Amino acid sequence: QIARDDEAEIGDFASASAAADADEGDEVDGPGATSSSVSPLHRLRRVFAAAARPRPARGTVVYIAGAWDMFHAGHITTLERARELGDFLVVGVHSDEVVNSQRGANMPVMNLDERVLCVLGCKYVDDVLVDAPRAITPDLLDSLRISVVASGTRGDASLFFSNDGDDPFEVPKRLGIYRQIPSASDLSVVEIANRIQQHHSAFDAKYRKKIKAQDAYYASRREERAP
């Protein structure tokens, strides 16, 4: 696990959270456990995080953060390319509040636990920073010993730029450690939602046509049986 400054205002590592649960002797699966002890998603997150890979003694730590909402093939490709930039990939996952404040429109579709689980399940990810800050600060870079900060060009990349024009990548850009990864996919949350809506509309039209034909058939049968 990566050592970090406890005073830095950053999120928790998924792996560190899992270790903390173990140290506290959490017995949610043992005698006396109650369903309210921990949510199923939190338990799954802890299981996934327990398998997080230890950081090599020496190497390049790459950091990339985003919403990772509706985790899809485009995200996976971006994470694969980010991993190729160094030896250890830490992925930040923004809170529901941060995502909604930047995107609005009832985003994110998936909550924080669900999005963290998706990222933890990706083989290119070495560890996850839960509730990652929106801006990349010197404290964040020092605490995680980050050598490279990456971002994609679509989807989550737009999350980082607010309406007032401030650039959360200002610090890594100034230090010359920022790398932009060309996105290889046009997939986005909006695109996925549009596809679902289109399929739903097609299914609804097909269903209504079937019901109309069925009603016409039974109506004709009733007419034939009428005296």
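Values in this document were obtained by computation on a predicted structure and should not be read as measured data. Index from 1, following the sequence.
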Under 3.5 Å donor-acceptor, T153 side chain and P182 backbone: no

Closest approach of P168 to A135 (non-hydrogen atoms, all atoms of both residues): CB-CA, 3.6 Å

Heavy-atom pair of closest approach, residues P108 and D69: CA-OD2, 3.2 Å

D167/Y178 under side-chain contact (heavy atoms from CB on, under 4.5 Å): CA gap, chis, key distance, verdict: CA-CA 12 Å; D167 182 3; Y178 174 73; over 6 Å; no

Listed partners of E170 passing salt bridge (charged side-chain N to carboxylate O under 4.0 Å, His left out), at least two apart: R174

Pairwise distance CG(D127) to CG(L144) - rounded to 0.5 angstrom: 9.5 Å

SB check D126 R83 (cutoff 4.0 Å): yes

Between CD1 on residue I146 and CD1 on residue I64, distance to nearest 0.5 Å: 11.5 Å

Closest heavy-atom pair and its distance - T60, S147: CG2-CB, 3.5 Å

Rounded distance [0.5 Å steps], CG in D96 versus CG in D113: 8.5 Å

Distance, nearest 0.5 Å, that separates CH2 of W68 from CG of L120: 12.5 Å

Interatomic distance, Y124 atom OH to E80 atom CD [nearest 0.5 angstrom]: 3.5 Å

Residue pair A132 / Y63: nearest heavy atoms and the distance that separates them: CB-OH, 3.3 Å

Side-chain donor/acceptor of R115 to backbone N/O of M110, under 3.5 Å: yes

Gap separating the OG atom of S95 from the CG atom of L112, nearest 0.5 angstrom: 7.0 Å

Results of side-chain contact (heavy atoms from CB on, under 4.5 Å) for R81 - residues two or more places apart only: T77, E84, I181, A184

L175/L141 under side-chain contact (heavy atoms from CB on, under 4.5 Å): CA gap, chis, key distance, verdict: CA-CA 11 Å; L175 295 174; L141 298 176; 3.6 Å; yes

Polar side-chain atom of S143 near backbone of L140 as donor-acceptor pair, under 3.5 Å: no

Nearest heavy-atom neighbours spanning R134 and H94: CA-CE1, 3.7 Å

For the student: nearest non-hydrogen atoms of V62 and A150, plus distance: CG1-CB, 4.5 Å

